[in-house]
Each structure stands twice: as structure tokens, then as C-alpha cells.
Undergrad: 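Provided herewith is a single structure, encoded as C-alpha cells, for subsequent inquiry.
Per chain, numbering begins at 1; letters A, B, ... match sequence-line order.
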Amino acid sequence: MTKSSLPSLNALRVFATVAREQSFKKAATELGVTQSAISRQINTLEEQLGMRLLQRDNRVHALTATGQLLAPELLRMFEQLQELINKATSSEAANARLLKIGISNELLRWWLGPLLKEFYAIYPHLELEFVALPEYSSSQNAEYLKQLLTQDQLDAVLIMGQLSGRHLQATNLGDTELLFCSTRLESALKSDNAVYSIRESNDWQDWSRIHSPPAHTKTKATDNTAMALDLISLQGGSLLLPSHYRKLLKDAPLKNNSDLNASGSASLRLYTARHKEHELAVIAFSNWLQHVAKRG
DNA sequence: GCCACTTTACACCCTTGGTT
DNA sequence: AACCAAGGGTGTAAAGTGGC
């Protein structure tokens, strides 16, 4: 029998019920349909199988040999199926939970935030709560971030850079390109304007290795991208914008000089505690993020 | 006559495939 | 992407059949 010619689950369920009750009428009552529907399901099933399953005239007398072979196995399978459904539906309630996510304001505003509607449409039983973190991992904050995860204060951390530890599970969500952006299209390297980068990142070092800026180039470190954006909008200048915020170029008065872009070493990563790697909510969030990151 | 089941006609919903 | 028609699956109501 090919896959496409498999009888419908409903027809098999009807047959199993009739076999157990030895009556179309009782089966109809149990399944909440008319006895006519039962009759037709049995007929269709027998036609599909090419043989009779019930010996009957205007009464059900007995199961045929084929019916005797099928009925006990089907009844057992439907019992197992019911158990599985009970288990799945009760665990859905258990899995309806709050996920605490550590993330920077920048990543939330310019990357994850606009995608959340899609997440909630797929996983309506999950709720996300956000806790503000730095944009980049560094030697100063690494231990603190690890503790947040291993001591269950957060379920996941979204951050640029690396956290190491055997109790952590890392998922790479894509390498970062540093977009050289200025308030004006001209290259800031030829003017007096400074280039802003984030203090905790290696962005300036990564960028300098590729573009070897002149020694007189002014650089300024800021705490985060939002601060760098505010400063260059007030004072002019350039910044190294992580490519995850690419959509921002449409909204902010920024121009990207693609000749001066460079690849950064700090990838965007999702970190979770290893003891939570089998939790359905964590798996769902992680899988969805990977899907979103892949799509770009 | 009642009961259990079959047959037939018809309706509704969903999927699929073609068209715009 | 939106629309439409065809076809399949599933349901009901009602009439018919035959045993008890």
C-alpha cells in the first residue's frame, strides 16, 4: 500500500470503535456522529483495503479474519495516540512560560524588536521579557554575563562577541560587518571629524587592520552605538556601525561609505545555559533566531 | 412495530491547480 | 498575491431493507 492510499485516520478510528462496541449505533454515539456516517466510513475503508472487515447484514455479527487482525492493534495504537496527545497538551501548559532575554537597547531597537510580531504569531504561548545588557562582551563583563545565565537569572543572552565556559551553549547568528557611516558622504578620514567606535568592542582594531588609517585620524570611544549616533548627529563625524543595524540606515541621517566597510571579529551570538538546552521554550527561541538570522 | 444498518441526495469545507 | 472552479472528504437527513 502506498502512502497516498493509506486509509484516513478517521476511518480507522471508526472501525476500531465499531469493533470494540460491536455496534454501529454505539460507535456513532461514542464518536458523536450519525450511524450513517459510521456506515459510510466502514464502507470506504473496506473499499480501500479491498476486503470486508465486519461480517454483517443488518446487524454487526463478527469481525472477519482481517478485522480480527486489525482491530486489537488499532485499538492499542489509538490508546497510545490518546496518551501522547494528553501528554503534549498538558506539557503545552507547562511550556507556556516567560523567557528572560538579556539584550542591548540597540539590538532590541534596531534588530530584534521589529521582528517580535512574527515571533509571537508563531509562539503565542511564549512571553519574552527583556533585560538591558551591553552590546559587546568584554573581559570586564564576561563573568557577570555568565553568572546571569548559569544562575538562571536570564534564559538567554544576545550579545556581540564571545563568552566562553563549558556551562554555556553558543549559537552564532551571523558575522558582523562594520559599516563605515558618516553624517556626510565624504570620507571622515579626510576631515577633522572623529571616528566613533564602541569601547568594549574590537571594532576599531578590526577596522584599522584592513584600512590602515593615517596616524592623525581622530578616534573616540563611546559606551554604545546609540551614544555614538547621538554624538555624530550633534558634532558630525563617522562611526563603525555593526551591520545588524543595517535597517537603521534607512531611518537615520546616515550615509554608508561601502569602500570603507570591514569585517568585524565580534559575531552576534545567542548564549544559553547548557542545563536548559532541552527546554522547549529555549529551543523554540533559538531555532526562530537562527531562521531569522539566516534569512537576513 | 421497533431496531440496526444501508443507500441516496445534498451540503459544507478544505485543498489544489489554473488564471489573472 | 488574489481569485475561482473542480474535486475530495466528511457530514446530515430521509427513505429503504430485513431480522427480532
Undergrad: Where does the angle between the aromatic ring planes of Trp110(A) and Tyr245(A) fall among parallel (under 30°), tilted (30 to 60°) and perpendicular (over 60°)?
TA: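 Rings of Trp110(A) and Tyr245(A): perpendicular, over 60°.
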Undergrad: Which whole-number value in Å describes the distance from Leu45(A) CG to dT6(B) P?
TA: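 After rounding, the reported distance stands at 13 Å.
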Undergrad: Would you kindly give the CD-to-P distance between Glu46(A) and dT6(B), to the nearest whole Å?
TA: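 These atoms are roughly 9 Å apart.
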Undergrad: What integer distance in Å separates Leu12(A):CG from dT10(C):C1'?
TA: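 So the CG-C1' distance, Leu12(A) to dT10(C), works out to 15 Å.
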Undergrad: Which donor-acceptor pairs under 3.5 Å do side chains of residues 114-121 of chain A form with protein atoms, sequence neighbours excluded?
TA:
unit_1, atom_1, unit_2, atom_2, d
Glu118(A), OE1, Arg295(A), NH2, 3.2
Glu118(A), OE2, Arg295(A), NH1, 3.1
Tyr120(A), OH, Leu128(A), N, 3.3

Undergrad: Assess, by modelled atom type and distance only, whether the side chains of Gln290(A) and Thr171(A) contain a donor and an acceptor separated by less than 3.5 Å.
TA: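 No donor-acceptor contact under 3.5 Å links the two side chains.
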Undergrad: Between C1' on dT10(C) and CZ on Phe15(A), what's the gap in Å once rounded to a whole number?
TA: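 To the nearest whole Å, that distance equals 20 Å.
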Undergrad: Report yes if a side-chain nitrogen or oxygen of Gln41(A) is closer than 4.0 Å to either non-bridging phosphate oxygen (OP1 or OP2) of dG9(C); otherwise report no.
TA: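 No, outside the criterion.
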